[in-house]
Number of protein chains: 2
Amino acid sequence: MGRKIKTMEEFASLSGISRPTLSKFFNDAQSVKKSTRLKIEQAIEKHDYRPNFYAMNQNRRKTKNIGLVVPNLTDPFFAGIARKLEELIVLSGYNPLLLSSHGGPEQEIANLDSLRSIKPAGVLLAPLGRASNVKKLKDFSSLVPTVLFDANVEGVGEAFFGSDNHQSIGLMVDYLARTGQPPKFFEMKDPINPNAYKRRAAYISAMEKLGLEPELLQIKGDGWNFEEIGFASGRQIIQDSKYRGATILCSNDRLAIGLLSAAYESGLRVGHSAECDLRVAGHDDHPFSRYTCPSLTTIAQDYDAIGERSVSEMLKIIDGANRIAERSEELFEGRLVMRSSA
Amino acid sequence: MGRKIKTMEEFASLSGISRPTLSKFFNDAQSVKKSTRLKIEQAIEKHDYRPNFYAMNQNRRKTKNIGLVVPNLTDPFFAGIARKLEELIVLSGYNPLLLSSHGGPEQEIANLDSLRSIKPAGVLLAPLGRASNVKKLKDFSSLVPTVLFDANVEGVGEAFFGSDNHQSIGLMVDYLARTGQPPKFFEMKDPINPNAYKRRAAYISAMEKLGLEPELLQIKGDGWNFEEIGFASGRQIIQDSKYRGATILCSNDRLAIGLLSAAYESGLRVGHSAECDLRVAGHDDHPFSRYTCPSLTTIAQDYDAIGERSVSEMLKIIDGANRIAERSEELFEGRLVMRSSA
DNA sequence: ATAATTTTTTTACGCGTGTAAATCTATAGA
DNA sequence: TCTATAGATTTACACGCGTAAAAAAATTAT
């Protein structure tokens, strides 16, 4: 093959297709007739041509870029979700742009800011929650089609998809109460994540429904280093002999991972068998929870469903001009994963 | 404030600065006189103007984008490095673009491909290693300034920065041999990562230097689910009574995490005290290794140094036109992190 | 104050594509 | 075979900024 093709004009004459038709094709391959599409695809293959990304997006009404913002990529849980979403976005013919807020509200806003200059067709956002700058999130979502997932922030975005904490925590409380001591709830006193508040409320209501007395173990700690927080506070709590034989339900797996580590160091046996000193359960089915000691009983969120729904809703918003439609919300059920710890 | 400013032309007349000067400023703020810079910055603040990203990059000689490709973002180890690098890139006034290869060579090439259309000033690449399509990596790095980190691939890129596996494994072997049974080496038979091969060689040479017989426990397994591979194979190995009292050095922490989990399930006591059945050590100081049961003795790579060196070399290459210079390589020493497992 | 130098302004063109409108052509249904 | 129509082509302009060259202005050195 000779030299590289630089412009669509060149490619047009070499492929025998007019430039406006090519332009149409690159915007949406399905918008041209099948025979034309095949000819173009052959020519692309043959000449290895790609339109100039910058020139292409400069005057497009809508780019093919979709922003994807997660609170913290260092958390393998979010890394996994991000991967799933990226995949779905690519399959839909869009170009994902992954950004992490690194646990900080300034970074979250900075991410949205830098996305704005990319003029994305839409943004999938898992907000930090309590720490978020809600006003700026609102401003942003009024300019760019935004779908929230994982954590809800009232009034932000055109849709929210997440887990039904009420159902999942209810399920777990029920399971734990049936199989041994009813659980105490291990959580941070001032959680960052809105789900944490919902889980607390869900725990209390689930316990009351069973006629049991809820008990909250509220630990202090700031930031995102949940394992460390769970470890440090867990060590203190565990040493109190009144928790011998207790069942502890952690607000999320990362706290549980820290707690399990503390229990191990203290020589406590964790598990569901009779001779154990403690039962521990978590929530989220963190990728490592299979390998904790003992393996962690937890709740798996239905992230396939959440991801697919988020992306499909995003596409619907992008396609249709129906930005007046009501804000849609849907919660998906969690699944009990019984392992050794409880 | 009135309506939004859309073009640099408008902004020029409102700010009293000519458009070419503004253009120069947005390319490099330091290239205009200080008094002008201040005036422009005030006007930006006042009018909230930002140049159009696409129009801006279309004709620039060099964009301010730097690609950042890691093998697998789901691995918190790489997520941490990526975060560090992103930070350094932003501090240098560049715009990082994070992509994960998800463990697959096709995705790795796809990532470089999509980066090419962004015309990045340079790319920081942690290659997959053995699985990589070396020819395509070479092709890419001849078109775009490329710096490799973490894993080396001969002849690709203009520099490589990573860890000195020889030093770090030597250090660990030495430590283990001094404090108990000399280690056996637990690794995958056909590792994906080039570092794994270097660690194997380093282990053998370190043992021989001490006059000890190296012993390789080569387990089979494909893909990136190292914890599972370490767990499954670890369980089999551990049951063999000839490993009672042994010391096992794992090629990386994720294998060790799986192995520790298997040991726990088998009821083996892992640790450095006399009554333990097994000592286990890892390599990489994985974020989770602090919370394994017991906490994992390992090697911390100097990723601050590797990151800083990689970025500064990248900038040097971008600035200087000295693309003829020799391929530079530098290895950084690892640090022994003594915890409970060995 | 004058000359030398740096910085800014003026002017003008180019980049590679999107898109609109009018015209032409291929396809399908009767 | 004719016609209605979807789809392709021709033509032409727009987008917002990069950049080059020459002239003007501001700063620094002498």
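Chain letters run A, B, ... following the sequence lines, proteins first, then strands; residues in each count from 1.
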Among C:dG16, D:dG18, D:dA8, the one nearest A:Thr36 by side-chain distance: D:dA8

Quick one: does A:Ser15's side chain get under 4.5 Å of A:Tyr49's, heavy atoms only? no

Could you tell me the separation between the CE atom of A:Met8 and the C1' atom of C:dC15, rounded to a whole number of Å? 14 Å

Report the distance from atom NZ of B:Lys62 to atom C1' of D:dT19, rounded to the nearest whole Å. 16 Å

A:Gln107 and A:Leu128, any side-chain heavy atoms less than 4.5 Å apart: no

Minimum heavy-atom distance B:Ile318-B:Gly122, with the two atoms named: CD1-N, 4.4 Å

Test side chain to side chain contact (heavy atoms under 4.5 Å, CB included) applied to A:Ser13 - qualifying residues, sequence neighbours left out: none

Kindly state which residues belonging to residues 23-33 of chain B come within less than 4.0 angstrom of DNA chain D, counting heavy atoms of the residue only, listed by number. B:Ser23, B:Asn27, B:Lys33

Shortest non-hydrogen contact from A:Lys4 toward A:Glu10: O-OE1, 4.4 Å

Applying side chain to side chain donor-acceptor pair (under 3.5 Å), name anything that partners B:Gln301, two or more places apart in sequence or on another chain. B:Ser163, B:Asp284

Pick base, sugar-phosphate or nothing for A:Thr7, based on heavy-atom distances below 4.0 Å to the nucleic acid. sugar-phosphate

If you restrict it to nitrogen or oxygen atoms, what contacts under 3.5 Å exist between nucleotides 21-24 of chain C and the protein, and what is each distance?
none

Choosing from C:dT17, D:dG16, D:dC17, which nucleotide comes nearest the side chain of A:Met56? C:dT17

CZ of A:Arg50 versus C1' of C:dG16: gap in Å, rounded? 17 Å

Please pick, from D:dT9, C:dT17, D:dC17, the nucleotide with the shortest atom-to-atom distance to any side-chain atom of B:Asn52. D:dC17

Nearest nucleotide by nearest heavy atom, which residue falls closer to the 5' end of DNA chain D, B:Ser35 or B:Arg60? B:Arg60

Hey, does the side chain of B:Thr21 come within less than 4.0 Å of C:dT7's phosphate (OP1/OP2), counting only N and O? no

Report the nucleotide, chosen from D:dG18, C:dG16, D:dA8, that has the shortest atom-to-atom distance to any side-chain atom of A:Gln58. C:dG16

Please tell me which of A:Asn57 and B:Asn59 maps to the more 5' nucleotide of DNA chain C, matching each residue to the nucleotide holding its nearest heavy atom. B:Asn59

Just the rounded figure in Å: distance from P of D:dC17 to CZ of A:Phe53. 17 Å

Applying ring-ring contact (aromatic ring centres under 6.0 Å, His included) as the test, list every pair that has at least one member in residues 56-107 of chain A; sequence neighbours left out. A:Phe77-A:Tyr303

Among residues two or more places apart or on two chains, list those pairs meeting ring-ring contact (aromatic ring centres under 6.0 Å, His included) that have a residue in residues 125-162 of chain B. none

Gap between atoms NZ and C1', on B:Lys34 and C:dT8 respectively (whole Å): 19 Å

Euclidean distance, atom NZ of residue A:Lys4 to atom P of C:dG16 [Å, nearest integer]: 15 Å

Find the distance A:Lys119:NZ to D:dC15:C1' and express it as a whole number of Å. 11 Å

With a cut-off of less than 4.0 Å, is there a side-chain N or O of B:Tyr49 near OP1 or OP2 of D:dG16? no

Rounded to whole Å, CG of A:Leu38 lies from P of D:dG7 at a distance of 15 Å

Output all residues satisfying side chain to side chain contact (heavy atoms under 4.5 Å, CB included) with B:Asn133, sequence neighbours left out; order by chain, then residue number. B:Ile109, B:Lys135, B:Lys136

Output all residues satisfying ring-ring contact (aromatic ring centres under 6.0 Å, His included) with B:Phe332, sequence neighbours left out; order by chain, then residue number. none

Listed partners of B:Lys33 passing side chain to side chain contact (heavy atoms under 4.5 Å, CB included), at least two apart: B:Ser35, B:Thr36

Does B:Arg19 contact D:dG16 through a side-chain donor or acceptor facing the base, at a distance under 3.5 Å? no

For residues 20-30 of chain B, which side-chain donor-acceptor pairs fall under 3.5 Å, sequence neighbours excluded?
from    : atom 1 : to      : atom 2 : distance (Å)
B:Thr21 : OG1    : B:Ser18 : OG     : 3.0
B:Lys24 : NZ     : B:Ser31 : O      : 3.2
B:Asp28 : OD1    : B:Gln30 : N      : 3.0

Identify the pairs formed between an N or O of the protein and an N or O of nucleotides 3-6 of chain D at a distance under 3.5 Å, and give each distance.
none

By side chain to side chain donor-acceptor pair (under 3.5 Å), A:Glu313 pairs with (sequence neighbours left out) A:Arg309, A:Ser328

